[in-house]
Every structure is written in structure tokens, then in C-alpha cells.
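Okay, structure first, notes after.
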Amino acid sequence: MDRWFNNLPRLVQIILLFIPVCNWVMEIGVRWSKFAHDGGFIRLICALVVTIFGVFVGWLDALWCLLFHHMLFA
């Protein structure tokens, strides 16, 4: 799911990350997918935090994606 999300146009990524419930689903899918592919302690911590606080992290990631063209730690 992380590769699919990164291949989307930037505007679609930002819109998906601004919609409250949709951003939580996107965050969980992308974070756990990235952890499953690449592993790593930071990615595990991010995936666990997103599972609990996904809506707020999604808005932060929407801004991060707007500025730096990728999600934070993904």
C-alpha cells in the first residue's frame, strides 16, 4: 500500500490525508505496509503511534507531504 500511495498524484495524497477518517485508514495502511516491507524500529514506533493517534498524525503528514513530497518517516 505504501508504493500505491506514493505513486498517487501529490494533490490526491494531500486530499486523502486531510479527510479525517480516510487519513487514519491511509496512515495505518501505509505505515504497517512500509514496516512489513522494510522493517526498522522507527517505522514500528510510527505504525503503533498512528494506530492510536492516526487522525492527528494524518494532518501532520498532509502538511509534511505538501512541503517535502513524502510522509514523515515513510
Side-chain angles (χ1 to χ4, degrees):
M1 186 166 185
D2 58 58
R3 293 179 185 139
W4 170 78
F5 184 79
N6 287 330
N7 288 334
L8 290 174
R10 192 72 46 217
L11 181 63
V12 174
Q13 289 178 349
I14 293 168
I15 289 170
L16 287 174
L17 290 173
F18 267 122
I19 300 170
V21 175
C22 183
N23 73 358
W24 185 65
V25 172
M26 287 283 112
E27 286 282 341
I28 287 175
V30 170
R31 298 292 180 172
W32 284 107
S33 174
K34 188 69 172 175
F35 174 70
H37 287 138
D38 298 337
F41 184 70
I42 298 292
R43 289 188 184 99
L44 175 63
I45 297 300
C46 287
L48 291 172
V49 167
V50 162
T51 302
I52 299 168
F53 303 107
V55 174
F56 303 111
V57 176
W59 290 330
L60 175 67
D61 269 335
L63 294 174
W64 192 268
C65 188
L66 180 68
L67 296 173
F68 301 108
H69 306 293
H70 63 87
M71 291 172 67
L72 185 64
F73 299 121

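Throughout, residue positions are numbered sequentially from 1 according to the sequence presented.
Residues Gln13 and Asn7 approach most closely at NE2-N, 4.5 Å, considering heavy atoms. Nearest approach of Gly40 to Phe35, heavy atoms of both residues: O-CE1, 3.4 Å. Listed here is the closest heavy atom pair of Trp64 and Met71: CD1-C, 3.7 Å. Residues Gly29 and Met1 share a closest heavy-atom pair of CA-SD, 3.5 Å. Nearest approach of Leu8 to Val12, heavy atoms of both residues: CD1-CG1, 4.1 Å.
Two residues are said to be in side-chain contact when any heavy atoms from C-beta on lie closer than 4.5 Å; Phe53 and Leu60 fail this criterion. Inter-residue side-chain proximity for Leu17 and Trp24 is flagged as unmet; no heavy-atom pair is nearer than 4.5 Å.
For the atom pair CD1 of Ile14 and CZ of Arg10, the computed distance is 7.0 Å after rounding to the nearest 0.5 Å. Note that CG of Leu16 is 9.5 Å distant from CG of Leu11, once rounded to the nearest 0.5 Å. Atom CG of Asn6 is separated from atom SG of Cys65 by 8.0 Å, given to the nearest 0.5 angstrom.
Val25 and Ile52 fall within a single hydrophobic cluster, where Ile, Leu, Val, Met, Phe, Trp and Tyr are joined by side-chain heavy atoms under 4.5 Å apart, directly or via other members. Transitive grouping of hydrophobic side chains (ILVMFWY, heavy atoms separated by less than 4.5 Å) keeps Val57 and Ile42 in distinct clusters. Criterion: ILVMFWY side-chain heavy atoms under 4.5 Å apart, direct or through other members. Under it, Trp4 and Val30 are part of a common hydrophobic cluster. A chain of hydrophobic side-chain contacts below 4.5 Å, direct or via other Ile, Leu, Val, Met, Phe, Trp or Tyr residues, connects Trp59 to Ile28.
Residue pairs that meet the salt bridge (charged side-chain N to carboxylate O under 4.0 Å, His left out) test with at least one member in residues 15-41, sequence neighbours left out, are Glu27-Arg31, Arg31-Asp61, Lys34-Asp38.
Asn23 places a side-chain N or O within 3.5 Å of a backbone atom of Val55 that can act as its donor or acceptor partner.
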Legend entry - Evaluation steps, side chain to side chain contact (heavy atoms under 4.5 Å, CB included), between Phe56 and Val50: CA-CA 9 Å; Phe56 303 111; Val50 162; over 6 Å; no
